[in-house]
Amino acid sequence: MLSTFYPLLAHTWGGVMIGVAVGAVGWALLIWGRRSGSPHRGLVKLFGWVVCAGAALLLAGAGASVVTLMRLGARHPPPGELVDVGGYRMHILAEGESRGGPTVIWIPGAHAQGLALHHLHVAIRNEARSVLFDRPGTGWSDPGPFPRRTATEADELARLLERAGERGPFVLAGHSYGGLLAANFARRYPERTAAVVLLDASPPDAFIYAPVYGAGALEQLVRDGEREGLAKLFARWSDPEPAMAEAQGEIGRILRLQNELLADVKPAMDANRRRPATSFAQASIFREFGAGTVTGEVPDIVVYDGELGDLPVLVVIPDEDPSAIIDPLGLGEAAAARAKNFFQRARVRYLEVSTDARLIHTPPGTGHNYPYETPGFVVEVVRGVLEELRAGG
């Protein structure tokens, strides 16, 4: 299984090492073909030359990839600090003064680098201490150990904050998949958590029980991540985002909003996304919900009803009809109705994790990606939490 080799494939020099290994095999075949008395030695030698030629192509691509990554790394140095969290480093950008209140930690959706919420960080850093960080494998962080798991990343975040000297308490604001990490941090470290702001956070239910997908919903994303990672490793990857941003439809609209809001950091983000580690880290974290893995991992990442006690938890969701998500799937009438009902209810599951959970609807006309559609609204929500916590000591 390819996942066994993620640690090697995620390394910047991984392609070179693979090319050398393949070349060694080809050379061994040539030597054996020359020295063997087998009647098939000619065929073995021919195969050896083919393998050596393949190794040369791999090395050429891998070398080009390494040079590109080194050049981009020199052009876009980390804006924050690289902190050792146990034999590998994570990147953290912490700015602003606490002003007598908690520190805000922003966690973007999917398995994105911290800069994906840079516009929110900039908007609040003059009012409070604000933190962006890169999960291992993303941004400027080292790949870290595999497999990538939400529970592991919650502990890594705790070590990062401690070793970076960020003492908290913390308000964790997580969007989508980042909300799952925020809730997991709060469950494990309640004494270091002041509040949780869940920006349409992904509950595990959405991947396990959804009538549309069922368990293994992210398998396609796993395969896509692996293909992207291999292409990056051998300089065969071209960024599809520019073309996607020009396309009509919801994805193109959101990408154009992101490009506008993140214009100052977009070149660095694009450079970071060229790292093979980014793709393999994403593939690994999405394997968490794959068939055969999910049953063993979910008990460790689910935040059950009542597990956050009386911690302030803001469940901020769009008040939208999930038809925009379901209708393009082409389901039958009964299946579509069941899927819409599920998605409406899964969005509010986190209301049960705390006795102080509060439901907040986003402005009309906004959807799942509202941190980009209406960033001012998100900042106001977080600002309100900060003011409440400061007033309450």
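Checked options Gln258, Glu241, His118; the residue passing with Lys266 is Glu241 (criterion: side-chain contact (heavy atoms from CB on, under 4.5 Å)). With respect to Glu166, the salt bridge (Lys or Arg N to Asp or Glu O under 4.0 Å) criterion is satisfied by exactly one of Arg159, Arg192, Arg129: Arg129.
Within the structure, no pair that satisfies the side chain to side chain donor-acceptor pair (under 3.5 Å) test touches residues 64-86, not counting sequence neighbours.
Under the 4.5 Å side-chain heavy-atom criterion for grouping Ile, Leu, Val, Met, Phe, Trp and Tyr, Leu257 is not connected to Val122 through any hydrophobic cluster.
Not a single donor-acceptor pair under 3.5 Å links the side chain of Asp134 to the backbone N or O of His91.
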(request) Decide yes or no on salt bridge (charged side-chain N to carboxylate O under 4.0 Å, His left out) for Arg275 and Asp142, but give the supporting numbers first. (result) CA-CA 10 Å; Arg275 297 174 58 205; Asp142 293 337; 5.5 Å; no
Name every donor-acceptor pair, under 3.5 Å, that has one atom in a side chain of residues 95-115 and the other anywhere in the protein, sequence neighbours excluded.
{"from": "Glu95", "atom 1": "OE1", "to": "His121", "atom 2": "NE2", "distance (Å)": "2.6"}
{"from": "Glu95", "atom 1": "OE1", "to": "Arg125", "atom 2": "NH1", "distance (Å)": "2.9"}
{"from": "Arg99", "atom 1": "NE", "to": "Asn126", "atom 2": "O", "distance (Å)": "3.1"}
{"from": "Arg99", "atom 1": "NH2", "to": "Asn126", "atom 2": "O", "distance (Å)": "2.9"}
{"from": "Trp106", "atom 1": "NE1", "to": "Ser130", "atom 2": "OG", "distance (Å)": "3.0"}
{"from": "His111", "atom 1": "NE2", "to": "Glu153", "atom 2": "OE1", "distance (Å)": "3.4"}
{"from": "His111", "atom 1": "NE2", "to": "Glu153", "atom 2": "OE2", "distance (Å)": "2.8"}
{"from": "Gln113", "atom 1": "OE1", "to": "Asn272", "atom 2": "ND2", "distance (Å)": "3.0"}
{"from": "Gln113", "atom 1": "NE2", "to": "Met269", "atom 2": "O", "distance (Å)": "3.2"}

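Summarising the local packing, CH2 of Trp49 is surrounded by 12 or fewer heavy atoms from other residues, nucleotides or ligands at distances under 6.0 Å. Annotation: Met70, atom CE; neighbour count of heavy atoms from other residues, nucleotides and ligands within 6.0 Å does not exceed 12. Within 6.0 Å of atom CD1 in Ile251, 12 or fewer heavy atoms from other residues, nucleotides or ligands are found, so the atom counts as exposed in its surroundings.
A salt bridge between Arg347 and Asp319 is absent, with no side-chain N of the basic residue lying under 4.0 Å from a carboxylate O of the acidic one. In this structure, Arg287 pairs ionically with Glu226, as a charged nitrogen and a carboxylate oxygen lie closer than 4.0 Å. Between Glu156 and Arg148 there is a salt bridge, since at least one side-chain N of the basic residue sits less than 4.0 Å from a carboxylate O of the acidic one.
By the 30° and 60° cut-offs, the orientation of the rings of Phe170 relative to Phe185 is perpendicular.
At least one side-chain heavy atom of Leu59 sits under 4.5 Å from a side-chain heavy atom of Val20.
No side-chain N or O of Tyr177 forms a donor-acceptor pair with one of Gln282 less than 3.5 Å apart.
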